[in-house]
K.L.:
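I have a structure I would like to understand better, so I am pasting it below and will then ask my questions one at a time.
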Amino acid sequence: MQVEAFFKTIGAEFYTGVPDSQLKALCDFLMEKYGTDPVHHVIAANEGNATALAAGYHLATGHVPVVYMQNSGEGNVINPLASLLSDDVYGIPCIFVIGWRGEPGVKDEPQHVYQGKVTGKLLEVMDVAYEVLSPETTEEDLRGWMDAFSARLAAGKSVAIVVRKGALTFDGKVSYKNEYKMTREEIIECIVKYSGEDPIVSTTGKASRELFEIRDVHAYDFLTVGSMGHASSIALGIALQKPDRRIWCIDGDGAALMHMGAMAVISDIKPKNMIHVVINNGAHETVGGQPTALKGRNLKQFAEVLGYERCYRAEDMDELEKILTEITSGWHKMLKGPGDDGVQKTDEGRCVTNSDDGPIFLEICAAIGARADLGRPTTSPKENKEAFMGMLAEK
């Protein structure tokens with residue numbers, strides 16, 4: 001179905017959500033029609049944020065909003081759906097448009113498989129009536145669904161349209177770009193050069209795919225293939241339990257924004273051995289390149305306000321090399337004490353700092369884009385987990 005017909009039949013005047021590759025046609029159409037005009041279209045930090053924003057729209061106008069998202073975002077909307085929108089509470093209606101990743105019988109990445117199985121079940125448990133939009137769905141079908149939904153929406157209940165792969169099409173061309181030159185892959189390759197054998201936790205999307213192709217020994221890396229926005233918390237949990245290891249997190253601006261409260265926790269706990277890197281291209285690039293709310297923002301200043309001990313920002317490779325040299329030269333091998341010969345011994349491969357200079361925050365400005373032939377990890381998530389845990393146990 002052409003997305004213009006979908007939009008006209010839905011009839012809503014306000015859309016908010018988190019971009020999804022399955023909904024790229026809708027996201028690009030909204031960007032072409034509205035851009036980020038907040039009266040009609042807001043790209044939210046996360047799906048729960050979008051749901052609450054939609055509730056505010058309804059309170060102000062009495063009209064029904066649309067929240068769009070990938071099905072992995074259902075977890076983020078359960079709280080506002082149950083305790084805000086529910087007709088047992090305020091009775092605020094909403095139309096959810098949900099990209100169905102991991103649909104049973106359709107090949108997809110491992111992080112989507114279980115979510116795909118429970119997509120409809122979660123909606124049913126939350127009393128959200130839904131229909132499934134497929135490539136075969138007609139405009140007449142959609143009009144029939146909306147007519148059937150109207151009574152529920154009028155009663156303050158929410159409904160959903162679950163979108164199968166290829167169900168929506170858009171003939172327009174929307175281009176996303178920024179002024180920066182460094183590619184994310186070049187940045188990650190540089191980080192790997194300086195981090196050596198340090199463990200790296202990488203965020204979901206193309207960053208983890210690029211890290212997998214760059215690094216020779218995959219056991220050093222935990223690839224957070226799902227759970228967007230939680231890589232920094234995973235890295236924090238490791239850093240706290242492995243205080244004699246230097247732990248890196250490679251984050252993205254869209255992921256960091258999704259659960260930004262994690263940065264406050266990191267800066268409050270102050271793990272000396274953690275380096276939080278955010279590659280900021282101002283875009284949800286993995287799912288199409290739509291802008292994040294952090295476009296043009298200086299995350300370094302935000303990290304400084306939160307209380308990260310040392311904060312840096314790099315806009316070109318020369319700056320990045322200089323910063324990474326400074327960061328890594330400030331660490332030394334852990335002293336084990338003098339041996340029988342009176343000479344100080346070191347524990348090879350383990351690094352600590354003797355100064356109160358962590359956590360470290362590094363924002364790196366990147367271009368939008370990736371190689372067309374970028375591959376995917378050839379190991380399963382469980383194989384990655386077991387190799388990573390084995391590496392942490394050994395050193």
Side-chain angles (χ1 to χ4, degrees), residues 187-188 190-203 207 211 215 220-222 224 229-253 255-257 259-280 294 297-315 319-337 344 346-365 388-389 391-395:
I187 291 166
I188 294 174
C190 187
I191 291 171
V192 167
K193 181 175 73 173
Y194 281 88
S195 63
E197 296 183 354
D198 294 341
I200 295 177
V201 177
S202 57
T203 189
L211 177 61
R215 184 88 101 166
Y220 295 134
D221 307 318
F222 183 81
T224 314
H230 293 301
S232 62
S233 295
I234 295 170
L236 173 62
I238 296 168
L240 294 176
Q241 301 305 317
K242 295 289 183 178
D244 56 347
R245 299 296 302 274
R246 182 170 56 186
I247 309 299
W248 298 69
C249 173
I250 297 179
D251 221 342
D253 56 306
L257 177 65
H259 295 294
M260 192 166 269
M263 290 180 62
V265 175
I266 293 167
S267 60
D268 180 57
I269 294 176
K270 297 189 184 304
K272 298 179 181 181
N273 58 328
M274 181 172 171
I275 302 172
H276 187 184
V277 178
V278 176
I279 301 176
N280 186 0
L294 292 176
R297 304 293 195 275
N298 188 315
L299 279 177
K300 170 181 174 286
Q301 293 176 344
F302 181 69
E304 287 172 339
V305 169
L306 284 177
Y308 280 74
E309 290 297 322
R310 290 164 60 190
C311 301
Y312 302 88
R313 190 171 195 260
E315 295 187 5
E319 288 181 338
L320 179 57
E321 293 258 14
K322 181 179 178 181
I323 290 168
L324 289 174
T325 297
E326 179 179 334
I327 288 174
T328 54
S329 64
W331 296 69
H332 61 80
K333 290 179 178 178
M334 187 172 72
L335 298 178
K336 295 180 69 175
Q344 191 79 22
T346 63
D347 186 356
E348 294 296 327
R350 301 193 182 191
C351 297
V352 296
T353 179
N354 59 359
S355 61
D356 295 327
D357 62 355
I360 295 171
F361 182 85
L362 171 55
E363 176 186 13
I364 309 173
C365 301
F388 184 76
M389 291 180 68
M391 177 274 300
L392 288 178
E394 288 175 2
K395 292 187 176 181

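Because the structure is predicted, anything quoted here is derived from the model rather than measured. Numbers here are sequence positions counted from 1.
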K.L.:
Can you name the residues that form a side-chain hydrogen bond (donor to acceptor under 3.5 Å, both in side chains) with Thr203, not counting sequence neighbours?
P.N.:
none
K.L.:
Excluding sequence neighbours, so at least two apart, what forms salt bridge (charged side-chain N to carboxylate O under 4.0 Å, His left out) with Lys322?
P.N.:
none
K.L.:
Main chain of Ala239, side chain of Asn273: is a donor-acceptor contact present, judged purely on distance under 3.5 Å?
P.N.:
yes
K.L.:
With the side chain counted from C-beta on, respond yes when Ser202 and Asp221 share a heavy-atom pair under 4.5 Å apart, and no when they do not.
P.N.:
no
K.L.:
Nearest 0.5 Å, please: how far is SG in Cys311 from NZ in Lys300?
P.N.:
6.5 Å
K.L.:
Could you tell me which residues satisfy side-chain hydrogen bond (donor to acceptor under 3.5 Å, both in side chains) with Glu321, sequence neighbours excluded, listed by chain and number?
P.N.:
Lys193, Tyr194
K.L.:
Testing the basics here: between Glu309 and Gly358, what is the closest heavy-atom pair and its distance to 0.1 Å?
P.N.:
CG-O, 2.9 Å
K.L.:
Could you tell me which non-hydrogen atom of Val201 sits nearest to which non-hydrogen atom of Ala231, and how far apart they are?
P.N.:
CG1-O, 3.6 Å
K.L.:
Of the non-hydrogen atoms in Ser195 and Arg246, which two are nearest, and what is the gap between them?
P.N.:
O-NH2, 4.1 Å
K.L.:
Could you check whether any side-chain N or O of Lys270 sits under 3.5 Å from a backbone N or O of Gly307, counting only pairs where one atom can act as donor and the other as acceptor?
P.N.:
yes
K.L.:
Scan Asp253, Asp251, Ile187, Leu362 and name whichever one has a side-chain contact (heavy atoms from CB on, under 4.5 Å) with Ile279.
P.N.:
Ile187
K.L.:
Aromatic rings Tyr308 and Phe361: how do their planes relate, parallel, tilted or perpendicular, breaks at 30° and 60°?
P.N.:
perpendicular
